[in-house]
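Worksheet: the structure to be examined is printed underneath.
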Amino acid sequence: MLWVKSFHIVFVVSWFAGLFYLPRIFVNLAMVAPGSVAERERLLLMARKLMRFTTLLAVPAVALGLWLWLGYGIGRGPGNGWMHAKLLVVLLVLGYHHACGVLLRKFIAGRSTRSHVWFRWFNEAPVLLLLAAVVLVVVKPF
């Protein structure tokens with residue numbers, strides 16, 4: 001199980017790296033001057049590739065997490081409320097990932113109406129989600 005745990009951590013860290021950077025590309029896309037077609041297309045290409053890669057990393061991260069959860073039986077019994085909270089955080093991360101895909105499709109279609117300031121705030125969410133997950137797993141506060 002230590003191999004599974006190790007690979008789970010590697011895939012989660014890699015997945016989050018993509019979730020940290022993709023919204024940063026959105027900030028830059030929101031700041032592209034009208035008529036800067038080449039810059040917009042270059043950023044969209046980067047965002048599409050990163051979204052695809054990040055999604056490919058999310059799949060084994062979640063699958064290995066499920067393997068650990070079911071294999072160890074973590075979260076069952078008294079004193080394991082932290083795991084239920086962590087699973088909620090995982091669902092929120094999956095929702096954030098999905099939201100990134102929706103936002104990317106809006107950029108591709110030219111229908112994004114959000115400002116670069118909004119995307120800067122949006123970019124902070126995965127940091128808070130990762131912090132919550134790590135604290136829940138390490139500290140096990142309840």
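Here the structure is a predicted model, which is why all the values come from computation and not from measurement. For the numbers below, each heavy atom of this structure counts, side chains included, while hydrogens, waters and symmetry mates do not. Quick note: residue numbers are just sequence positions, from 1.
- You'll find the side chain of Trp69 reaches within 4.5 Å of the side chain of Leu87, heavy atoms only.
- Taking the side chain as every heavy atom from C-beta outward, Met51 and Thr55 approach each other to under 4.5 Å.
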Side-chain donor/acceptor pairs under 3.5 Å, residues 31-40, sequence neighbours excluded:
unit_1 : atom_1 : unit_2 : atom_2 : d
Ser36  : OG     : Ala33  : O      : 3.3
Arg40  : NH2    : Phe107 : O      : 2.3

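- In terms of heavy-atom proximity, Leu68 sits nearest to Met1 at CD2-O, 4.0 Å.
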Leu129/Val90 under side chain to side chain contact (heavy atoms under 4.5 Å, CB included): CA gap, chis, key distance, verdict: CA-CA 8 Å; Leu129 292 169; Val90 171; over 6 Å; no

Phe26/Ser112 under side chain to side chain contact (heavy atoms under 4.5 Å, CB included): CA gap, chis, key distance, verdict: CA-CA 10 Å; Phe26 294 163; Ser112 178; over 6 Å; no

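- Under a 3.5 Å cut-off, the side chain of Tyr96 and the backbone N or O of Leu91 do not form any donor-acceptor pair.
- Contact check for Arg120 versus Asn123: no side-chain heavy atoms found under the 4.5 Å cut-off.
- Here the straight-line distance linking atom NE2 of His8 with atom CG of Leu64 works out to 7.5 Å at 0.5 Å rounding.
- Under the 4.5 Å side-chain heavy-atom criterion for Ile, Leu, Val, Met, Phe, Trp and Tyr, Leu92 and Val59 are members of distinct hydrophobic clusters.
- The only member of Leu29, Leu103, Ile25 that meets side chain to side chain contact (heavy atoms under 4.5 Å, CB included) when paired with Phe119 is Leu103.
- To the nearest 0.5 angstrom, Arg52 atom CZ is 10.0 Å from Leu104 atom CG.
- At a threshold of 4.5 Å between side-chain heavy atoms, the hydrophobic network of Ile, Leu, Val, Met, Phe, Trp and Tyr places Leu128 and Val135 in two separate groups.
- Under a hydrophobic clustering in which Ile, Leu, Val, Met, Phe, Trp and Tyr are joined whenever their side-chain heavy atoms come within less than 4.5 Å, directly or via other members, Met83 and Phe142 fall into the same cluster.
- Residue Lys106 places its NZ atom among 12 or fewer non-hydrogen atoms of other residues, nucleotides or ligands, all under 6.0 Å distant.
- Note: the hydrophobic cluster containing Val139 does not contain Val89 (ILVMFWY, side chain heavy atoms under 4.5 Å, direct or indirect links).
- For Lys49 (side chain) and Met46 (main-chain N/O), no donor-acceptor pair under 3.5 Å exists by modelled atom type.
- By the neighbour-count criterion of 12 heavy atoms within 6.0 Å, atom CH2 of Trp121 is sparsely surrounded, having that number or fewer from other residues, nucleotides or ligands.
- With sequence neighbours excluded, no residue forms a ring-ring contact (aromatic ring centres under 6.0 Å, His included) with Phe7.
- No continuous path of hydrophobic side-chain contacts links Leu45 to Leu43 [ILVMFWY only; heavy atoms under 4.5 Å].
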Return all side-chain donor-acceptor pairs below 3.5 angstrom for residues 9-22, not counting sequence neighbours, or 'none' if the list is empty.
unit_1 : atom_1 : unit_2 : atom_2 : d
Ser14  : OG     : Val10  : O      : 2.9
Trp15  : NE1    : His97  : ND1    : 2.9

